[in-house]
Amino acid sequence: MSAGPSWGGLPGDPPILPHWIGNRPVLTADGRDPAWIDDLAPATGRVRARIARGGPAEVDAAVGAARAALTGPWAGWTAAARAELLDRAAALLEARLDELAALEGEDSGKPVALAARMDIPRAVANLRFFAGAARHDHTPCHADGGPGRRLNYTLRRPVGVCALITPWNLPLYLLTWKVAPALAMGNTVVCKPSELTPATATALAAALAEAGLPDGVFNLVHGYGPEVGAPLVAHPGVSLVSFTGGTATGRSVAAAAAPSFKKLSLELGGKNATVIFADAVDSEAALDAVVSGAVRAAFTNQGQICLCGSRLLVEGRAYDRVVGRFLQRMAALRVGPPEAAVDMGSLISHAHREKVEGYLRLAREEGGVVVGGERPSPAEAPEGGAFLRPAAVLGLSPRCRVATEEIFGPVVSVHRFEDEAEALEQANLVRYGLAASVWTTQLDRAHRVAAALEAGIVWVNCWLERDLRTPFGGVKESGVGREGGDWSLDFYSEVRNVCLALS
Ligand code: NAD
């Protein structure tokens, strides 16, 4: 694990994660003595770094730097130059993939192998994808009234300073998902990563500086949500807010952004259904493949992905076979230190593990049967870590609290349905609507169910297959707006129509 300061950090014992304002590491913006937040490694409980604890002064300085940069040299950069910058930053991250994966594993508790396979490659892909999008972007032109009358053409303009606020579960993956399109469209940014997983945001700041980004275009303020996130959202110099996090926080972000009509995108919580029809498991091989998909959907990243399938809905006549195999597979998952060959690492914190365990107690109180969900033995995982074995909750109504509230951990509630109508009723009864995965071999059913599910994303016979050109986002209390592909370009730009009278 990392001994010295992480990329972009400052030396110290433990190392220091500074803010980045105007392309420079900064501890305080107003000369006061710095305050600190301990950055804990959840798998050991050890303090791995000290985070500069920002506040309104740093937010103000970062927004000021970002505003100034809007009229600096950056304003004259062509789309091709911005694309080259993103490609250079992508290459720098890719060259340090192993180091970044280890950093993400240490900071979040996730398996390093998962970060090396998913988080960091996806961060690199985000930068490259939006470099390509900037290169290939085009806007419409409408000629009206015959030759020589009126010509309408559409310009994309940067929106201004973008506030980009991210959660702890996919730190670099989600931050680059916002930073790349914002820069591709010529904006400047102030980022506020989660105080629980700040390390790779600091590394991104260093990579962008090394790639040649002008001063003030990328700014980063570390700290707690109420002390940094809230003043950032409310700041009059900010024109756009892209927030990914919990639904309750999203509600206060929306309220704070509303008075000044900031452009707003909210990617919030989920309680996603994995719906398995009996026709999908009509052979042993099919049963194996479908259950593998359901286990992956349930427990990847310790169940801490907004898209995780935390409700398993199974058709009655296949229920025993599917659930039996699911429990077998679940029991075989290896839980342990992030750097070991494991399927699951540590949860993000002890407090979060207690919240998840609280739901397992609630499940028992509500009359359910809990399988798994124990703390692993010291032989499996270090005692100081926030480890928890995966759990399934059986025998509860799909309307109970455990089956309808977002737990955001390795817990799946299992339910039985008898026909398609009941499957849809169960899938749609929660207040969330982010994603769903449906497993069936019947083509007409696949289309029918995909159309009737209340979710922004429906996977059929797969889960977490992502094409970055597609719209991403949720309905109901899972969010407002879509990002991805052209949806990101539209969100991170203002389109202006110009009408030219030619006669
Ligand atoms: P959170 O809402 O607690 O925090 C998210 C970010 O918001 C953090 O950086 C936090 O410091 C900041 N914040 C907190 N209070 C704020 C305020 N008042 N104003 C502005 N910013 C504030 O979420 P979390 O616990 O970090 O992440 C888990 C949640 O994120 C889950 O609900 C999960 O479903 C959701 N999530 C959603 C998506 C998606 O794409 N829909 C992706 C990942 C995670």
Side-chain angles (χ1 to χ4, degrees), residues 37 39 42 51 53-56 59 107-108 110 118-119 122 126 163-178 190-198 200-201 220-235 238 241-258 262 264-272 300-310 347-349 351-353 355-356 405-409 430-435 455-457 464 466 470-484 487-488:
I37 300 172
D39 182 20
I51 314 165
R53 178 174 171 176
V59 168
D107 212 12
S108 70
K110 71 176 69 196
M118 180 178 77
D119 295 68
R122 172 59 192 278
N126 287 339
L164 310 179
I165 303 177
T166 47
W168 47 260
N169 64 327
L170 301 168
L172 190 62
Y173 173 137
L174 287 175
L175 188 59
T176 49
W177 180 238
K178 299 180 190 301
V190 179
C191 303
K192 171 18 203 133
S194 170
E195 60 278 17
L196 297 174
T197 52
T200 48
L220 166 65
V221 183
H222 289 298
Y224 292 117
E227 295 175 3
V228 174
L232 179 59
V233 172
H235 199 291
V238 166
V241 177
S242 176
F243 172 83
T244 301
T247 293
T249 319
R251 194 167 278 122
S252 66
V253 167
K262 294 181 165 94
L264 185 63
S265 167
L266 298 170
E267 305 285 358
L268 308 177
K271 187 76 179 179
N272 313 299
T300 298
N301 207 41
Q302 301 71 246
Q304 303 170 140
I305 300 184
C306 53
L307 305 163
C308 276
S310 51
L347 302 197
I348 186 64
S349 66
H352 189 54
R353 178 170 70 176
K355 175 190 152 187
V356 175
E405 294 177 14
E406 187 185 43
I407 300 174
F408 212 56
V430 295
R431 65 194 177 103
Y432 297 104
L434 187 55
I457 301 147
L464 202 55
R466 290 282 292 118
T470 61
F472 181 94
V475 301
K476 302 199 283 190
E477 295 192 21
S478 287
V480 176
R482 295 290 180 276
E483 296 190 35
W487 288 268
S488 289

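Whatever order the structure lists them in is the order used to number ligands and atoms, beginning at 1.
- Close approach to F472 involves these atoms of ligand 1, each under 4.0 Å from a residue heavy atom: 40 (O).
- Nearest heavy atoms, Q302 versus L347: CB-CD2, 3.5 Å.
- Remark: minimum distance from atom 42 (C) of ligand 1 to any protein heavy atom is reached at C306 SG, 2.9 Å.
- Distance remark: protein heavy atom present below 4.0 angstrom from atom 30 (O) of ligand 1.
- Comparing heavy-atom distances from atom 17 (C) of ligand 1 across T249, L196, N169 singles out T249 as nearest.
- With hydrogens left out, the protein atom closest to atom 27 (O) of ligand 1 is P167 CB, 3.2 Å, a heavy atom.
- When heavy-atom distances to ligand 1 are checked against a 4.0 Å cut-off, P193 comes that close only through its backbone atoms N, CA, C and O.
- Within the listing of ligand 1, atoms 19 (N), 20 (C) sit less than 4.0 angstrom from a heavy atom of V253.
- Note: S488 OG to R482 CZ = 12.0 Å, rounded to the nearest 0.5 Å.
- Here D119 contributes atom CG and K110 contributes atom NZ; the two are 3.5 Å apart, rounded to the nearest 0.5 Å.
- The nearest heavy-atom contact from the protein to atom 32 (O) of ligand 1 is E406 OE1, 2.6 Å.
- Considering OG of S194 and CG of L174, their distance stands at 11.0 Å, rounded to 0.5 Å.
- The minimum heavy-atom distance between P56 and P231, with the atom names listed, is CG-CG, 4.4 Å.
- Among all protein heavy atoms, the one lying closest to atom 20 (C) of ligand 1 is G229 C, 3.3 Å.
- No part of L170 comes within 4.0 Å of ligand 1, judged by heavy-atom distances.
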Go through K271 and L434 one step at a time and tell me if the side-chain contact (heavy atoms from CB on, under 4.5 Å) criterion holds.
-> CA-CA 7 Å; K271 187 76 179 179; L434 187 55; over 6 Å; no
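- Here is the list of ligand 1 atoms found below 4.0 Å of a heavy atom in G246: 1 (P), 2 (O), 23 (O), 29 (C), 30 (O), 32 (O).
- The distance from ligand 1 to the heavy atoms of L434 drops below 4.0 Å at these ligand atoms: 41 (N).
- Residue-ligand proximity: A230 is placed with a non-hydrogen atom under 4.0 Å from ligand 1.
- Atom CD1 in I348 sits 13.0 Å away from atom CZ in R353 (nearest 0.5 Å).
- At a heavy-atom distance under 4.0 Å, only side-chain atoms of L174, from C-beta outward, approach ligand 1.
- On a distance-only criterion, E195 and ligand 1 share at least one N/O pair closer than 3.5 Å.
- For I305, no heavy-atom contact with ligand 1 is shorter than 4.0 Å.
- Looking only at side-chain heavy atoms (C-beta outward), N169 and N301 come within less than 4.5 Å of each other.
- Remark: the T244 side chain and the K178 side chain contain an N/O donor-acceptor pair separated by less than 3.5 Å.
- Put simply, CZ on F472 and CG on L307 are 4.5 Å apart, with the number rounded to the nearest 0.5 Å.
- Residues Y432 and K476 have side chains not in contact (no heavy-atom distance under 4.5 Å, counting atoms from C-beta outward).
- Here's the thing with L268: one of its N/O atoms is less than 3.5 angstrom from an N/O atom of ligand 1.
- Closest to atom 12 (C) of ligand 1 among all protein heavy atoms lies I165 CG2, 3.8 Å.
- Residue S478 has no nitrogen or oxygen atom sitting less than 3.5 Å from a nitrogen or oxygen atom of ligand 1, judged on distance alone.
- Among the atoms of T244, none of the N or O lies under 3.5 angstrom from an N or O of ligand 1.
- When heavy-atom distances to ligand 1 are checked against a 4.0 Å cut-off, S252 comes that close only through its side chain, counted from C-beta outward.
- Ligand 1 is approached by S194 to a heavy-atom distance shorter than 4.0 Å.
- In terms of protein heavy-atom proximity, atom 7 (O) of ligand 1 is closest to F243 CE1, 3.2 Å.
- Residues T200 and D107 form no side-chain contact, since every pair of their non-hydrogen atoms from C-beta on lies 4.5 Å or further apart.
- With hydrogens and angles disregarded, a donor-acceptor distance shorter than 3.5 Å links the side chain of H352 to the backbone of F408.
- Listed by number with element, the atoms of ligand 1 under 4.0 angstrom from any heavy atom of W168 are 24 (P), 25 (O), 26 (O), 27 (O).
- Atom CD of residue E405 and atom OG of residue S310 lie 11.5 Å apart, to the nearest 0.5 angstrom.
- With a 4.5 Å cut-off on side-chain heavy atoms, N126 and L172 do not count as touching.
- Counting protein heavy atoms only, atom 35 (C) of ligand 1 is closest to G245 O, 3.2 Å.
- Ligand 1 has no nitrogen or oxygen under 3.5 angstrom from a nitrogen or oxygen of Y224.
- Within the 4.5 Å cutoff, the side chain of I305 has heavy atoms near those of the M118 side chain.
- The backbone and the side chain of K192 each have at least one atom closer than 4.0 Å to an atom of ligand 1 (non-hydrogen atoms only).
- Of the protein's heavy atoms, G225 CA, 3.4 Å lies nearest to atom 13 (N) of ligand 1.
- T247 and E477 are not linked by any side-chain donor-acceptor pair at a separation below 3.5 angstrom, with hydrogens and angles left out of the test.
- Any N or O atom pair closer than 3.5 Å counts here, and F408 shares no such pair with ligand 1.
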